[in-house]
Amino acid sequence: MHTLIDTHGRRIRYLRISVTDRCNLRCRYCMPENGVDWLPHESIMRYEEILRIIRLSARLGVDKVRLTGGEPLVRKDFLDFVSRVSRIEGIADLSLTTNAMLLETMAPALRAHGIARVNISLDTLERKKFVYITRTDAFERVMAGIQAARDQGMRIKINVVAIRGFNDDEILDFARLTLREPVEVRFIELMPMGCAARFDPAKTIKAFEIRQRIEQGIGALDKVVSGLGPAALYRIAGAPGMLGFIEPVSERSFCSRCNRIRLSASGGLRPCLFSQRQLDLLGPLRAGIDDQGLEELIRSGVAMKPFSGLNIDRGCETLMSTIGG
Ligand code: SAM
Ligand code: SF4
């Protein structure tokens, strides 16, 4: 078995793929109101091209794939693509990050095609605030999407970007969801990326502050010993669900645990979310590169992975929607 190890000794086994840069919401920290200049159709990786990259990555030891975007569910023929990914040998874990806008209708088929786990983005439990942050009147639709995922027995993680002055008053409400059901609520520190690069840094709420508020408002948190991955996991005593904290802004060890690479919608291999470094795979693919050449390209992409690309002071203008958050 081949493995992908970067120059800092981190074993790469997780590929996160943005299947489209388009989205049916306009979250204020992520996308401008009028969207962006969408990538032209021919610059977007075809499914066949993505599948070839996944197959080869699986031979190099990648066993975990997450499909994201933009909004992955808006891409045409997505279900057929999912079922083809789920049949790739070596991919043990296939998951999806979605805003749930289309989940009510698609959840049964997604489940049938191999998606057992979804991360759903939901930054507020209040209808009016949802309309504000997403600039879209679709709160009920998203809640129905979450329910549909539950009905399918999918394992659900709720991604909450914590924003001071917007949803800090809902931290306890989100945390209490874990008392009722086996959901993982993940608080994500707002990163100075894309539209949020122009936000006041004070809007980022550090994870320790969130934990402190939960301990004061609900009760002690027990640390859950977790495997790989960026989230620090906790549980309120006796709760069926868990609390996850994604703390790229405050936690120094965040990058040392990183085991992933990303593929942008236009076929750029991005070894680090925060770094502008990327290696074009689409050009060589379309020029007829053979598997050995492609494997070498993936290896050189991994070799470009910096220990940490995040520079909180400088931020990063790249839109999360193009590289897949
Ligand atoms: N559209 C899908 C969704 O929203 O779940 C998938 C793509 S979205 C870019 C993936 C995740 O990135 C979402 O949970 C979103 O909240 C998060 N995100 C986007 N911009 C962010 C930022 N500046 N800081 C922290 N998280 C961000
Ligand atoms: Fe779309 Fe997701 Fe970005 Fe919101 S966070 S605008 S749902 S890509």
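For ligands, and for the atoms within them, numbers begin at 1 and follow the listed sequence. In this text the structure is predicted, and so the values were computed from the model without any measurement.
Close contacts between ligand 1 and Ser121 involve ligand atoms 3 (C), 4 (O), 5 (O), 13 (C), 14 (O) [criterion: under 4.0 Å to a heavy atom]. Numbered from 1 in the order shown, with element, the atoms of ligand 1 that lie under 4.0 Å from a heavy atom of Glu189 read 25 (C). Interface of Thr68 with ligand 1, defined as ligand atoms under 4.0 Å from a residue heavy atom, comprises 6 (C), 7 (C). Interface atoms of ligand 1 facing Glu71, defined by a heavy-atom separation under 4.0 Å, are 1 (N), 2 (C). For ligand 1, the atoms lying closer than 4.0 Å to a non-hydrogen atom of Asn99 are 2 (C), 3 (C), 5 (O). Residue Val161 has at least one heavy-atom neighbour below 4.0 Å for each of these atoms of ligand 1: 16 (O), 26 (N). Distances below 4.0 Å separate heavy atoms of Gly70 from the following atoms of ligand 1: 1 (N), 2 (C), 6 (C), 7 (C).
Side-chain N/O atoms of Arg84 and Tyr47 include no donor and acceptor closer than 3.5 Å. Donor-acceptor pairing under 3.5 Å is lacking for the side chains of Arg26 and Thr134.
In terms of N/O distances under 3.5 Å, ligand 1 is approached by Tyr29. Between Cys23 and ligand 1, no N or O atom pair is found at a separation short of 3.5 Å.
Checked for salt-bridge contact, Glu89 and Arg59 miss the test: no charged N lies under 4.0 Å from a carboxylate O. Salt-bridge formation is detected for the pair Glu181/Arg150: a Lys NZ or Arg NE/NH1/NH2 atom is positioned less than 4.0 Å from an Asp or Glu carboxylate oxygen. One finds a salt bridge joining Arg52 and Asp291 here, because a Lys/Arg side-chain nitrogen approaches an Asp/Glu carboxylate oxygen to under 4.0 Å.
In this structure, Ile91 and Asp63 have side chains that are not in contact, with every pair of non-hydrogen atoms separated by 4.5 Å or more.
Coordination check, Cys30 versus atom 3 (Fe) of ligand 2: passed, since an N/O/S atom of the residue sits under 2.8 Å.
Heavy atoms of Asn159 found under 4.0 angstrom from ligand 1 belong exclusively to the side chain. When non-hydrogen atoms are compared, ligand 1 lies under 4.0 Å from the backbone of Thr98 (N, CA, C, O) but not from its side chain.
Ligand 1 lies nowhere less than 4.0 angstrom from a heavy atom belonging to Cys27.
Annotation: cation-pi pair Lys129/Phe166 present, NZ/CZ under 6.0 Å from the ring centroid and within 45° of its normal.
One distance of note links CD1 of Ile163 with CG of Asp200; it measures 12.0 Å at 0.5 Å rounding. Ile188 contributes atom CD1, which lies 12.0 Å from atom OG1 of Thr204 (distance to the nearest 0.5 angstrom).
The nearest non-hydrogen atom to atom 6 (S) of ligand 2, considering only Ser18, Cys27, Pro72, comes from Cys27.
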